[in-house]
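Notes follow once the structure below has been shown.
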Amino acid sequence: GRQGIQTTVSAKGDVLTLQFSAPAASEQAMLDLAMKMVFQPEIEPKTFQAEREDLLKGFAQEQALPEVRLSDMVTRELYGADHPYAETHD
């Protein structure tokens, strides 16, 4: 069992966030679960493909927003095209 461990996973852009909540007595089990999720993920190919398609669709919709394109242009101008902060959503 999960010993009262709750997990939350979210992604935005190129950042993936894993959040865990557990009773203090389950600390080691929580750490073990986190390590397994990161280094030995279990995901069905069909589920992976569906998530991938959803993410790509979301990125395409985001790219169509004028404010995203403007933000990309501003960061490129501020930092220069070769700077990591100037990475675009393209």
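All values below were derived from every heavy atom in this structure, side-chain atoms included, with hydrogens, water molecules and symmetry-related copies excluded. Remember, predicted model here, so these are calculated numbers, not experimental data.
When all heavy atoms of Ile5 and Ala22 are compared, the pair lying nearest together is CG1-CB, 3.8 Å. Of all heavy-atom pairs spanning Gly4 and Pro23, the tightest one is O-CD, 3.6 Å.
Ser10 contributes atom OG, which lies 8.0 Å from atom CD of Gln19 (distance to the nearest 0.5 angstrom). Between the CD atom in Glu62 and the NZ atom in Lys57 there is a gap of 15.0 Å [rounded to 0.5 Å]. Distance CG/Leu31 to CD/Gln28: 5.5 Å, rounded to 0.5 Å. Note that OG1 of Thr47 is 12.0 Å distant from CD of Glu42, once rounded to the nearest 0.5 Å.
By the neighbour-count criterion of 12 heavy atoms within 6.0 Å, atom CD of Glu27 is sparsely surrounded, having that number or fewer from other residues, nucleotides or ligands. In the displayed structure, Asp54 atom CG is contacted under 6.0 Å by more than 12 heavy atoms of other residues, nucleotides or ligands. Within a 6.0 Å sphere centred on CD of Glu77, other residues, nucleotides and ligands contribute 12 heavy atoms or fewer.
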Steps toward side-chain contact (heavy atoms from CB on, under 4.5 Å) verdict (Asp72, Gln63): CA-CA 10 Å; Asp72 289 347; Gln63 187 58 37; 3.9 Å; yes
Test log, rule side-chain contact (heavy atoms from CB on, under 4.5 Å), inputs Thr7 and Leu33: CA-CA 9 Å; Thr7 61; Leu33 177 60; 3.8 Å; yes
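Using a 4.5 Å heavy-atom cutoff, the side chains of Leu18 and Val38 are in contact. A 4.5 Å side-chain heavy-atom check between Glu53 and Gln49 finds at least one atom pair inside the cut-off. Considering only heavy atoms from C-beta on, Leu78 stays 4.5 Å or farther from His83 through its side chain.
For Thr75 (side chain) and Ser71 (main-chain N/O), a donor-acceptor pair under 3.5 Å exists by modelled atom type.
A single hydrophobic cluster is seen to contain both Val74 and Tyr79, as judged by linkage of ILVMFWY side chains at heavy-atom distances under 4.5 Å, directly or through other members. Under the 4.5 Å side-chain heavy-atom criterion for grouping Ile, Leu, Val, Met, Phe, Trp and Tyr, Met30 is connected to Leu16 within one hydrophobic cluster.
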